[in-house]
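Contents: one structure, followed by commentary.
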Number of protein chains: 2
Amino acid sequence: MKRKRPTIHEVATRAGVGLGTVSRVLNNHKAVRPETRARVLRAMEELGYTPNPHARRIAGGRSYTVSILLPFVATEFYRRLIEGLEGVLLEKRYDLALFPILSQNRLRRYLESTTLAYLTDGLILASYDLTEHFDGGRLPTDRPVVLVDARNPRYDSVYLDNSLGGRLAGECLARFPGAIFAIKVEEEPDRAFRHTVFAERMAGFAEALATAGRPFPPEHLYTTRLSQEGGRLALRYFLERTSPPLNVFAGADLVALGVLEEAGRLGLTVGREVRVLGFDGHPFAEEVGLSTIAQPVEAMGAKAAQLLLDRMQGYTGPPREVRFEPILIERESTGAGAGAPYVP
Amino acid sequence: MKRKRPTIHEVATRAGVGLGTVSRVLNNHKAVRPETRARVLRAMEELGYTPNPHARRIAGGRSYTVSILLPFVATEFYRRLIEGLEGVLLEKRYDLALFPILSQNRLRRYLESTTLAYLTDGLILASYDLTEHFDGGRLPTDRPVVLVDARNPRYDSVYLDNSLGGRLAGECLARFPGAIFAIKVEEEPDRAFRHTVFAERMAGFAEALATAGRPFPPEHLYTTRLSQEGGRLALRYFLERTSPPLNVFAGADLVALGVLEEAGRLGLTVGREVRVLGFDGHPFAEEVGLSTIAQPVEAMGAKAAQLLLDRMQGYTGPPREVRFEPILIERESTGAGAGAPYVP
DNA sequence: CTGAAAGCGCTTACAG
DNA sequence: CTGAAAGCGCTTACAG
């Protein structure tokens with residue numbers, strides 16, 4: 001039934017080489033003659049060999065895994081981020097362990113647990129700068145730490161210039177006739193886990209409108225939790241205050257989707273009567289012709305993984321900050337392109 | 001800096017016993033004299049010893065971890081479920097590895113990967129019955145599998161009687177004057193990952209209303225994605241069709257929260273003008289006085305873990321089905337209790 | 001470039 | 001109830 005898995009030993013025998021050599025090809029060591037490597041690889045193939053990660057961990061004295069602490073919210077953003085991280089991590093034979101922060105209790109428990117010490121060669125913090133939860137502003141770990149979608153002067157950080165994104169959004173919508181509205185995504189109620197990206201986007205947006213001399217009164221800002229239905233409510237709210245045409249910066253693609261949905265239900269022509277601009281550049285934005293401020297989430301993830309890998313390999317320079325810039329992508333929802341109106 | 005961690009060896013020396021004995025107390029083996037155990041425990045304490053899980057895994061020939069595949073949605077339900085699972089798993093020194101199903105591709109990749117084989121002594125599938133994705137209706141693994149919040153005749157299953165829950169909801173609201181409405185939470189668009197709990201709730205609900213002779217026309221049903229804003233939209237929709245008092249079965253506590261929120265904004269008295277009944281019994285429901293059909297999520301998780309543990313310890317009986325029953329909890333939102341109206 | 005050996009930190013029969 | 005030994009499947013210097 002549960003047939004014993006082949007080990008490095010059998011591979012070595014079959015390939016007619018020593019254990020060490022098999023291990024070397026496993027680890028992409030330079031010092032292996034190409035033909036030897038090929039022979040070993042073939043033996044693995046024939047045997048259906050797959051390395052036992054646990055043995056590797058104990059022999060190597062490392063866990064070969066990186067943990068990521070991320071908010072317990074399931075969005076396309078984190079899907080993409082994880083994709084980007086894993087891309088470079090798996091290549092180096094590192095696993096990625098996900099730790100959604102289910103509650104503050106669990107966070108502490110985890111960070112202070114002995115599990116962490118064994119499970120992790122490095123730590124990635126997504127979106128939250130958790131350092132303020134701990135004495136001295138440092139996480140209770142001696143492993144390298146990298147922040148992504150967040151910033152902290154004490155750690156390597158990879159982040160998007162959300163303020164710039166907001167300005168791009170403002171400059172884009174300022175070109176159009178009609179009133180300008182925006183939807184701000186609410187922060188989490190738990191003050192301990194605050195992140196500021198949405199506020200930064202709005203600040204940049206307001207700044208660009210001010211520069212362009214376009215009015216943006218407080219009642220043109222609608223606040224909602226991150227949901228598609230929030231976008232629907234927002235558009236209704238805006239339409240109580242103005243008549244088409246109007247322009248909406250949705251603050252997040254998911255919310256923008258709701259604006260599109262509601263516009264469709266109300267029979268408004270998207271791109272003309274209602275112009276909608278999202279933020280994120282998620283794949284689904286393209287599918288529905290949504291204009292958006294795109295952020296290179298996968299690239300940010302890859303970069304964060306790279307910085308962490310550096311540290312794990314011994315790099316000890318001062319904290320590095322990598323800033324990514326978003327770009328404006330104009331599609332049908334702001335009147336660009338073939339102009340085919342959005343049909344939900 | 002990174003001081004070497006103490007091992008079982010040092011513990012043995014300090015306690016003046018053999019390696020095997022230390023291992024035995026670690027594993028709660030019966031065959032250890034209480035005083036010996038105490039001595040070993042004290043040595044561990046003094047040394048700050050914590051076992052190295054990787055060594056354990058390779059020596060024991062098992063991973064001592066259980067994987068859970070769960071939908072990539074972050075809800076209180078899964079938080080509670082995980083809590084319940086971990087409660088019993090950690091006690092047996094098993095870890096729980098989370099695998100949110102980010103995409104169908106990743107699911108396949110994961111299930112067919114060699115990682116799974118090493119990482120997992122058992123598999124828990126939450127909410128999705130993924131068996132139909134695979135040939136022969138069986139997952140490509142020889143490890144024990146348990147479903148929770150889902151059912152499949154081929155595997156142990158732990159589930160809630162959602163239909164009964166719907167009936168309880170119907171019977172509750174049928175007692176009140178005023179029209180009766182319901183909110184159905186939408187299934188995921190991806191047909192491959194369908195689960196039917198919301199449909200079952202609604203079917204039970206409709207059945208109970210029919211039995212009670214209360215009308216429930218199609219236009220009294222509002223469908224939305226799972227979000228608080230969805231509840232807000234639903235209440236607006238209902239109020240376009242009737243005048244208070246009205247009664248709303250929200251299908252999920254989160255959605256019910258939105259109904260309460262919107263009622264508050266509109267100045268309606270919750271519990272009198274608008275009666276609201278949720279489903280789930282999440283902790284936050286109590287905080288806001290929300291009546292609800294409570295499901296024992298933690299207990300379901302614990303039970304699933306227990307079933308899996310049985311299997312991992314060699315139990316080979318036929319698939320078992322464990323059915324849990326929800327209960328009605330009446331609070332202010334349906335007029336029970338002190339009657340203090342809900343204030344958001 | 002490659003092999004043989006030592007060692008990683010545990011668990012598990014096997015004797016006593 | 002307890003100790004000493006073998007072994008889990010790898011990695012990593014160390015020689016050649």
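Residue numbers start from 1 in every chain, and the chains themselves are labelled A, B, ... in the order their sequence lines are given, proteins ahead of strands.
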| Identified side chain to side chain contact (heavy atoms under 4.5 Å, CB included) partner of A:Ile101 from the options A:Leu107, A:Val73, A:Leu125 | A:Leu107
Listed pairs, N/O of protein and of nucleotides 9-13 of chain D, under 3.5 Å:
from   : atom 1 : to      : atom 2 : distance (Å)
D:dG9  : OP1    : A:Lys4  : NZ     : 2.8
D:dG9  : N2     : A:Ala55 : O      : 3.4
D:dC10 : OP1    : A:Tyr49 : OH     : 2.8
D:dC10 : OP1    : A:Asn52 : N      : 3.2
D:dC10 : OP2    : A:Ile8  : N      : 2.8
D:dC10 : O5'    : A:Tyr49 : OH     : 3.3
D:dT11 : OP1    : A:Asn27 : ND2    : 3.2
D:dT11 : OP1    : A:Arg56 : NE     : 3.3
D:dT11 : OP2    : A:Ser23 : OG     : 2.5
D:dA13 : N6     : A:Arg24 : NH2    : 3.1

| At their closest point, which heavy atom of B:Met312 faces which heavy atom of B:Val66, and how far apart are they? | CE-CG2, 3.8 Å
| request: Output, in order, the C-alpha distance, side-chain angles, deciding distance and verdict of side-chain hydrogen bond (donor to acceptor under 3.5 Å, both in side chains) for B:Tyr94 and B:Arg62. | output: CA-CA 10 Å; B:Tyr94 271 82; B:Arg62 290 177 284 166; 3.3 Å; yes
| Counting only side-chain N and O atoms of B:Thr36, is one of them less than 4.0 Å from OP1 or OP2 of D:dC1? | no
| message | Please tell me whether B:Asn152 and B:Ser157 have a donor and an acceptor in their side chains that are separated by less than 3.5 angstrom. | response | no
| Side-chain donor-acceptor pair present, B:Ser63, B:Asp121, cut-off under 3.5 Å | yes
| query | In dot-bracket form, how is DNA chain D paired, counting a Watson-Crick or G-U wobble pair only if both its distances are under 3.5 Å and using | for bases paired to another strand? | reply | |||.||||||||.|||
| Out of curiosity, B:Tyr118 OH to B:Ile58 CD1, how far, rounded to the nearest 0.5 Å? | 10.0 Å
| query | Does OP1 or OP2 of D:dG3 have a side-chain N or O of B:Thr21 closer than 4.0 Å? | reply | yes
| task | Would you check if A:Asp310 and A:Arg320 make a side-chain contact, meaning some heavy-atom pair closer than 4.5 Å? | result | yes
| query | CE of A:Met300 to CG of A:Leu85: how many Å apart, nearest 0.5 Å? | reply | 10.0 Å
